[in-house]
Number of protein chains: 2
Amino acid sequence: MPRIVDREERRRSSADAVFRVIGREGMDAVSLRDVAAEADLSMGSIQHYFSTKDEMLLFALNHMRARVITRFEAKLARMKNPSKRQYLRTMLNMLLPTDDESRQEATVNISFFASSVNNEQFRELLRQGYAGLLVAIELQLQAAADAGELREGMDSKTEAAQIFYTAQGLIGPVLLGVTTPRRAVALLDAHLDRIFRD
Amino acid sequence: MPRIVDREERRRSSADAVFRVIGREGMDAVSLRDVAAEADLSMGSIQHYFSTKDEMLLFALNHMRARVITRFEAKLARMKNPSKRQYLRTMLNMLLPTDDESRQEATVNISFFASSVNNEQFRELLRQGYAGLLVAIELQLQAAADAGELREGMDSKTEAAQIFYTAQGLIGPVLLGVTTPRRAVALLDAHLDRIFRD
DNA sequence: AGTTTTGTAATGCGATTGTATTGCTAAACC
DNA sequence: GGTTTAGCAATACAATCGCATTACAAAACT
């Protein structure tokens with residue numbers, strides 16, 4: 001049986017198992033035994049692919065970013081000739097917990113954030129994630145500004161920050177059910193309306 | 001030695017110890033032994049005041065809300081005749097991790113949020129917290145609108161939601177250092193500028 | 001063909017956890 | 001004044017944890 005497996009693929013699918021456990025029972029419940037069971041592996045196998053639990057979680061956090069990017073690009077590919085506004089809207093809406101997959105990702109992200117209190121590596125990865133998203137939004141908005149698509153008096157950096165943080169702030173309340181995905185999307189659309197020309 | 005203590009006060013100071021442990025080492029590190037040591041109590045005492053660990057954490061989460069409200073009212077009391085805008089600004093800025101105390105509170109809140117994945121009582125309390133804040137902001141903005149302090153075409157509910165979620169979204173990035181408290185405050189001020197007349 | 005490496009599995013172990021139990025002191029009560 | 005109760009402390013205990021160790025099978029390599 002050995003050697004017929006792709007090592008990285010095994011690590012990725014184990015990370016997916018980690019996400020399912022976190023999404024179902026929270027980060028506290030993530031034990032090597034639980035992850036092994038969820039991934040249909042023995043605990044020895046998990047140990048074979050990850051030197052420590054910390055390394056497993058760190059890999060999982062890295063894998064999460066790749067997963068989100070993949071999901072974003074898949075959504076973009078489904079649109080033909082997306083406008084800059086559509087591009088932005090897609091990116092922002094993707095952050096919101098609208099279906100099972102995005103709910104799981106949001107839950108996992110918050111769990112890692114909480115765990116980052118005593119893990120500088122987690123903090124650094126999360127920092128990069130936030131910064132990368134913000135820059136991507138800034139770039140897109142700046143391009144829209146250059147193309148004359150924005151209303152008068154709009155500072156693209158300020159607007160990028162405001163709409164990004166609004167989306168970020170919506171994640172928790174939507175997860176809890178304080179507001180609905182529909183209302184969250186409408187709020188972001190109202191913001192986009194204010195930024196873009198008709 | 002017995003009976004000369006205020007039971008509720010003991011529970012509150014134990015909750016403060018819980019917050020210090022969470023702020024320093026994260027929620028995972030919260031054990032009854034750690035909390036007891038942090039509160040300068042024996043483990044037996046902690047058990048005397050809380051039936052279970054869950055009850056202790058639930059009490060702590062309740063205590064957190066009381067603490068935040070107390071802090072807000074203290075700040076407000078330090079201002080003479082605050083305008084509606086100043087009132088709003090104070091409330092929003094208080095959510096941000098600007099000093100040690102607010103950093104600790106933000107960290108604790110996020111930790112409880114992550115733990116709420118498998119704790120409906122936590123979720124319900126967090127829901128109430130979010131909803132209460134949002135309503136308070138809506139009321140204040142509506143009052144400002146009635147007083148003619150807002151610009152034309154401002155929907156107070158929409159603006160309340162947008163500025164509240166923006167503040168919420170800023171908490172994480174400020175905690176991580178993606179942006180600074182100063183820039184976060186400036187962003188909220190820019191938002192207030194847009195809502196209120198000069 | 002024999003050796004090495006890799007994947008898988010089972011088990012042991014020390015540490016830590018939440019909770020239960022017990023004992024003791026001193027205030028409170030009838 | 002004897003009894004009850006609240007506060008405090010120490011300890012026992014079962015469960016669970018991450019990690020190390022061991023064993024074994026099969027592919028890969030020389």
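Numbers restart at 1 for each chain; the letters A, B, ... are given by sequence-line order, proteins then strands.
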Mind calculating the distance between CD (Glu25(A)) and P (dT16(D)) to the nearest angstrom?
13 Å
Atom pair distance, as rounded to whole Å: CZ in Arg7(B) and C1' in dA6(D):
9 Å
Could you tell me the separation between the OH atom of Tyr49(A) and the C1' atom of dT6(C), rounded to a whole number of Å?
8 Å
Results of side chain to side chain donor-acceptor pair (under 3.5 Å) for Asp193(A) - residues two or more places apart only
Arg85(A)
Please state how far atom NE2 in His48(B) lies from atom C1' in dC24(C), giving the value in whole angstrom units.
14 Å
Arg10(B) to Tyr49(B), cation-pi by 6.0 Å centre distance and 45° axis angle
no
Whole-Å gap separating P (dA9(D)) and CG (Leu41(B)):
7 Å
Closest listed nucleotide, where the reference is the side chain of Arg10(B) and the choices are dG7(D), dA9(D), dA9(C)
dG7(D)
Summary of protein contacts for nucleotides 14-23 of chain C, nucleotide by nucleotide, where a base hit scores B, a sugar-phosphate-only hit scores S (4.0 Å, heavy atoms):
---BBBB---
Do Arg67(B) and Thr70(B) touch side chain to side chain, with heavy atoms closer than 4.5 Å?
no
Among pairs that include at least one residue of residues 168-181 of chain A, which meet side chain to side chain donor-acceptor pair (under 3.5 Å), considering only residues two or more places apart or in two chains?
Thr179(A)-Arg183(A)
Under the side-chain contact (heavy atoms from CB on, under 4.5 Å) criterion, do Met154(A) and Glu149(A) qualify, and how do the steps go?
CA-CA 10 Å; Met154(A) 289 290 161; Glu149(A) 298 180 10; over 6 Å; no
Between Tyr87(A) and Phe72(A), is the gap from one ring center to the other below 6.0 Å?
yes
Whole-Å distance, Asp40(A) CG to dT8(C) C1', equals 14 Å
Between P of dC17(D) and CE of Met56(A), the distance in whole Å:
12 Å
